[in-house]
Amino acid sequence: MIHVFNTMTRTKELFKPLQAGIVNMYVCGPTVYNYIHIGNARSAIAFDTIRRYFEYAGYQVNYVSNFTDVDDKIIKAARTAGISEHELTTKFEQAFIEDTLPLNIKPATVRPLATEHINEIIKFVADLITQGYAYVAKGDVYFRARKFPDYGHLAHQNIDDLEIGASERLDDGELARKEDPVDFAVWKGANPDEAITWDSPWGPGRPGWHIECSVMAIKYLGDTIDIHGGGQDLAFPHHTNEIAQSEAHTGKKFANYWLHNGFVTVGDDNEKMSKSLGNFVTVHDLLNEVEPQALRLMMATTHYRRPLAYTKTAIAEATQVVKRLQTAYTNLDFRLQQDDASPVEDSNLAAQVTAFKLKFMQAMDDDFNVANAMTVINDFTTALNVYAKATNVSSLTGHDALREFAAEVMVLGVNVQPSLDEENTKWIDEKVATRDAAKKAKDYAQADMIRAELKAQGIILEDTAQGTRWKKE
RNA sequence: GAUGGUAUAGCCAAGUGGUAAGGCAUGGGUCUGCAACACCCUGAUCGUCGGUUCGAAUCCGAUUACCAUCUCCA
């Protein structure tokens with residue numbers, strides 16, 4: 001019984017999908033005019049973790065996340081770089097894929113592009129005009145926000161309280177064309193010097209900012225979707241406008257649950273990180289400095305609705321934890337490979353594993369309470385470590401435990417299974433064998449020398465009751 | 001001005017009425033030929049003030065501080 005916090009109602013609600021066993025979710029993706037920053041990554045990781053938990057819990061998840069590949073910033077950035085908009089967006093779409101891969105962010109089921117849905121967008125806009133919800137004004141098309149009842153409910157903004165132009169970025173010309181300052185563009189007429197335009201019944205132009213998400217969400221997931229997600233800052237105006245235009249168009253509820261992730265803050269004063277403040281860190285740069293799995297864990301274990309303070313100490317701590325999780329997995333795995341491991345079930349361990357799974361799900365069912373889930377994973381880790389030192393172990397149940405452990409940790413996006421590289425490690429095994437012989441002969445001087453020699457090459461030896469295991473530093 | 005969020009040990013953080021989970025760090029111990037890994041032990045009365053209650057971090061009121069949103073932003 002999964003409960004999620006719905007921004008629309010500001011309460012935790014029991015999650016009930018429209019179709020049993022299937023979750024249709026749409027998450028607003030980045031505008032691709034630069035490398036993604038850690039705020040984008042946080043959002044992607046938050047919803048990837050949610051997605052992975054649904055999948056762990058047995059749901060099929062249809063996860064649609066877009067690239068917004070046409071807007072003012074793209075036009076500006078392309079012009080600065082001296083390349084076409086398409087070249088620019090293609091480059092950063094590719095970079096998104098490359099940068100999110102090491103963070104174990106699963107690719108979306110569908111990753112649609114605004115520019116590949118222009119016909120559908122034009123049709124959608126035309127329908128809104130026919131319905132009387134939108135009007136043409138000198139090549140632009142605006143949505144009559146006041147005509148939509150309950151406008152602003154999602155962000156809990158009263159339409160009359162909206163401070164017009166509070167961000168001081170409103171274009172006066174646009175303001176003059178609007179019937180009402182709260183109206184928003186669904187289609188923007190082209191400026192004479194803009195190359196990236198499409199023909200429409202209202203003249204050349206391009207989609208407004210919010211329309212692509214409405215069109216693509218409905219196209220790929222249906223008129224009503226289960227979950228719509230994105231960053232907190234999107235609640236207003238982006239999602240508010242999506243709701244207005246979508247529900248005006250279909251006459252149906254657009255999304256049953258609205259989930260919003262909190263911001264990333266940086267620096268000592270915990271200031272919001274954003275592109276406009278210029279204090280952002282790109283994932284592209286960060287991946288050269290930090291262990292990707294540590295970054296992933298750090299972000300995944302901060303509850304998605306809370307602000308996430310990006311600090312070096314948080315990364316350092318996460319690095320320790322990742323190591324601890326991986327060590328536990330590897331050490332028990334080593335123990336189970338020993339000849340004395342029994343093929344018979346260990347009912348005691350099996351019961352523990354069942355209990356951990358139950359507790360893990362209880363934690364995650366509560367609006368993805370990762371902090372409590374981590375408590376379970378920590379207990380699980382300790383149990384694995386204890387078992388790895390046990391005199392009698394069951395290979396059968398031990399492997400079951402490892403599988404369940406890895407699955408739970410993978411919900412958070414961390415892989416504890418060592419990658420199997422093909423390189424030749426025979427020489428290490430030989431050194432270890434030589435050292436073991438020296439140890440048996442109580443020639444500790446030679447044994448220590450071999451250990452030091454391997455250490456110099458980044459190989460750590462660890463003696464156990466069943467023999468010596470090695471790992472890379 | 002409107003609308004939200006946050007305040008718990010050195011740091012991160014769970015906990016919505018019954019005498020404060022967990023992690024990191026610190027210190028001590030066990031295991032080990034030594035080491036490593038691991039395991040065990042070690043810490044706070046919950047921003048401030050007042051109220052309700054047999055009992056509050058948890059409810060109510062006030063207050064302080066910090067952060068965010070109000071048509072560029074994940």
Side-chain angles (χ1 to χ4, degrees), chain A residues 7 10 27-31 36-47 71-73 76 145 152 155-158 160-167 169-171 174-175 181-185 208-210 229-238 240-241 260-265 269-277 280 298 301-303 305-307 309 311 313-314 316-321 324 327-328 330-331 334 363 369-379 381-382 384-389 439 442-444 447-448 451-452 455 460-465 468-471:
Chain A
T7 307
R10 290 181 184 168
V27 176
C28 291
T31 301
I36 57 166
H37 56 66
I38 56 181
N40 300 109
R42 201 277 230 261
S43 182
I45 286 172
F47 289 104
D71 93 331
D72 293 347
K73 298 185 294 291
K76 200 175 156 205
H156 306 278
Q157 296 283 342
N158 184 311
D160 294 316
D161 290 339
L162 294 176
E163 210 171 294
I164 302 311
S167 65
R169 280 180 236 102
L170 265 194
D171 163 354
E174 188 175 286
L175 200 54
V182 294
D183 293 349
F184 58 91
W209 172 33
H210 321 291
Q232 228 166 43
D233 50 344
L234 295 184
F236 192 94
H238 185 58
T240 296
N241 292 348
H260 290 99
N261 66 273
F263 290 119
V264 173
T265 61
D269 50 359
N270 283 335
E271 187 177 49
K272 173 192 167 189
M273 184 197 73
S274 74
K275 288 179 181 173
S276 53
L277 291 173
F280 65 94
M298 191 269 270
T301 52
T302 300
H303 184 81
R305 285 192 281 119
R306 303 212 38 179
T311 61
T313 46
E317 186 182 322
T319 307
Q320 287 300 109
V321 175
R324 171 175 147 82
T327 301
T330 312
N331 287 359
F334 174 86
N369 190 328
V370 286
N372 286 334
M374 266 315 284
T375 299
V376 179
I377 287 174
N378 280 317
D379 289 346
T381 307
T382 300
L384 296 184
N385 282 330
V386 168
Y387 201 67
K389 297 228 175 189
K439 269 181 67 186
K442 295 201 192 299
D443 182 357
Y444 296 122
D448 289 351
R451 186 166 65 193
K455 172 112 183 357
I460 307 287
L461 298 191
E462 294 171 355
D463 294 331
T464 77
T468 304
R469 64 181 180 232
W470 63 266
K471 67 178 181 187

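What you see below is based on every heavy atom in this structure, not just the backbone, and it leaves out hydrogens, waters and symmetry mates. Letters A, B, ... are given to chains in the order of the sequence lines, protein chains preceding strands, and every chain is numbered from 1. Given the structure is predicted, the values throughout are model-derived calculations rather than measurements.
- In a base pair of the Watson-Crick type (N1 to N3 plus N6-O4 or O6-N4) or a G-U wobble (N1-O2 and O6-N3), with each distance short of 3.5 Å, B/G1 is matched with B/C70.
- Applying the Watson-Crick and G-U wobble criteria (two distances, each under 3.5 Å), B/A7 pairs with B/U64.
- At the phosphate of B/G15, OP1 or OP2 sits under 4.0 Å from a side-chain N or O atom of A/Asn369.
- Within the 4.0 Å cut-off from OP1 or OP2 of B/A38, not a single side-chain nitrogen or oxygen of A/Asn385 is found.
- Heavy-atom nearest nucleotides on RNA chain B were determined for A/Gly230 and for A/Thr302, and the one closer to the 5' end corresponds to A/Thr302.
- When each of B/U71, B/C39, B/U3 is scored by its nearest atom to the side-chain atoms of A/His156, the top-ranked nucleotide is B/U3.
- Between A/Gln157 and the phosphate of B/U69, there is no side-chain N or O to OP1/OP2 separation shorter than 4.0 Å.
- Nucleic acid contact class of A/Thr382 (heavy atoms, under 4.0 Å, all strands): sugar-phosphate only.
- Within 4.0 Å (heavy atoms only), A/Thr313 reaches no atom of the nucleic acid at all.
- Among the atoms of the strands shown, base atoms are found under 4.0 Å from some heavy atom of A/Glu462.
- Counting any heavy atom pair closer than 4.0 Å across all strands shown, A/Asp448 reaches a base atom.
- Residue-level contact check: A/Leu461 touches the bases, meaning some heavy atom is under 4.0 Å from a base atom.
- Between A/Arg306 and B/A14 there is a side-chain N or O to OP1 or OP2 distance below 4.0 Å.
- A/Gly262 comes within 4.0 angstrom of a base, heavy atoms only.
- Counting atom types as modelled, A/Lys389 pairs a side-chain N or O with a base atom of B/C37 as donor and acceptor under 3.5 Å.
- Within 4.0 Å of A/Asn378, counting heavy atoms only, lie sugar-phosphate atoms of the nucleic acid but no base atom.
- Within the 4.5 Å cutoff, the side chain of A/Thr319 has no heavy atoms near those of the A/Met298 side chain.
- Here A/Arg451 lies in heavy-atom contact (under 4.0 Å) with a base.
- The nucleotide B/U26 finds no pairing partner, because no Watson-Crick or G-U wobble arrangement with both distances shorter than 3.5 Å includes it.
- Remark: the A/Asp463 side chain and the B/C34 base include a donor-acceptor N/O pair separated by less than 3.5 Å.
- Between A/Met298 atom CE and B/A13 atom P the separation is 11 Å, expressed in whole Å.
- Panel note: side chain A/Thr240, backbone A/Ala235; a donor-acceptor pair is recorded below 3.5 Å.
- Nucleic acid contact for A/Asn261: base, since at least one base atom lies under 4.0 Å from a heavy atom of the residue.
- Pair assignment for B/A56 gives none, since no Watson-Crick or G-U wobble pairing has each distance under 3.5 Å.
- Between A/Arg469 and A/Asp463, none of the side-chain N atoms (NZ, or NE/NH1/NH2) sits under 4.0 Å from a carboxylate O, so this pair counts as no salt bridge.
- Remark: side-chain polar atoms of A/Asn40 are paired, donor with acceptor, to backbone N or O of A/His37 under 3.5 angstrom.
- Between A/Arg469 and A/Thr375, it is A/Thr375 whose nearest contact on RNA chain B lies nearer the 5' terminus.
- When side chains are defined from C-beta on, A/Trp470 does not count as touching A/Glu462, because their heavy atoms never get closer than 4.5 Å.
- Pair check for B/U32 finds none; no Watson-Crick or G-U wobble contact set falls under 3.5 Å.
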